[in-house]
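A short write-up of the structure that comes next.
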Amino acid sequence: MIANNFSILLLKNNFKAKSFFAYTGIAESTLSSLVNIVENGKDIKLSTLIKICNHLNCTLSELIEYFPEEQLINNK
C-alpha cells in the first residue's frame, strides 16, 4: 500500500495546487497525477518527486510512504 502525503505537505507549507504549479513549473497534469497516483496508476518521474521534495523541504519517504501488504495483514 502507498500513502501519498502530497496534499498534506502542500497544506503544511501553505500551498494550493495551482500556486505550487506556478512556483515550481511542474505541469498541473503531473501534480494532478500525483494527487491521484493510487487511483490512476500513472508513473511519476523520480526527478519530479525530488523537485517536489526540494520545494516542500521534505524527504521522499515523507512525500510517499510504502507499507508492504504483509505488514498490513499482520497489523490487522
Side-chain angles (χ1 to χ4, degrees):
M1 179 178 163
I2 294 175
N4 180 351
N5 299 317
F6 180 59
S7 297
I8 294 166
L9 291 168
L10 281 178
L11 288 174
K12 283 184 179 179
N13 287 275
N14 298 316
F15 277 111
K16 294 189 178 186
K18 290 234 182 228
S19 62
F20 193 73
F21 150 73
Y23 181 66
T24 63
I26 298 170
E28 288 181 84
S29 60
T30 300
L31 296 175
S32 177
S33 292
L34 180 57
V35 169
N36 301 305
I37 199 168
V38 175
E39 290 82 18
N40 66 23
K42 208 170 178 189
D43 294 332
I44 306 293
K45 292 165 95 178
L46 181 57
S47 60
T48 301
L49 295 173
I50 290 169
K51 189 173 186 178
I52 290 169
C53 288
N54 286 333
H55 286 285
L56 292 176
N57 195 28
C58 68
T59 64
L60 186 55
S61 60
E62 290 172 316
L63 179 63
I64 298 180
E65 296 177 83
Y66 171 73
F67 302 98
E69 288 188 28
E70 180 181 301
Q71 180 180 352
L72 293 174
I73 292 169
N74 291 336
N75 288 334
K76 286 186 179 183

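Just so you know, these numbers use all the heavy atoms, side chains as well, and skip hydrogens, waters and symmetry mates.
Judged as a side-chain hydrogen bond (donor to acceptor under 3.5 Å, both in side chains), the pairs with a partner in residues 49-59 (not counting sequence neighbours) are, in order, Thr59-Ser61, Thr59-Glu62.
Leu11 is not connected to Ile64 by any chain of hydrophobic side-chain contacts under 4.5 Å among Ile, Leu, Val, Met, Phe, Trp and Tyr, and they are in different clusters. Under the 4.5 Å side-chain heavy-atom criterion for Ile, Leu, Val, Met, Phe, Trp and Tyr, Ile50 and Leu60 are members of the same hydrophobic cluster. Hydrophobic clustering of Ile, Leu, Val, Met, Phe, Trp and Tyr side chains at less than 4.5 Å, counting indirect connections, keeps Ile8 apart from Ile2.
Looking at residues two or more places apart in sequence or on another chain, you find a side-chain contact (heavy atoms from CB on, under 4.5 Å) between Lys45 and Ser47, Thr48.
Checking each of Leu10, Leu9, Leu31 against Ile52 for a side chain to side chain contact (heavy atoms under 4.5 Å, CB included) leaves exactly one that passes, namely Leu31.
Shortest non-hydrogen contact noted between Ser33 and Ile44 is CB-CD1, 3.8 Å.
Atom-to-atom distance recorded for Cys53:SG and Leu63:CG is 4.5 Å, nearest 0.5 angstrom.
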Show every donor-acceptor pair shorter than 3.5 Å between a side-chain atom in residues 15-25 and any protein atom, with sequence neighbours excluded, or say none if there are none.
from, atom 1, to, atom 2, distance (Å)
Lys18, NZ, Glu28, OE1, 3.1
Ser19, OG, Lys16, N, 3.1
Ser19, OG, Lys16, O, 2.9
Thr24, OG1, Phe20, O, 2.9
Thr24, OG1, Ile26, N, 3.1

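Judged by distance alone, the side chain of Asn4 and the main-chain N or O of Leu34 form a donor-acceptor pair under 3.5 Å.
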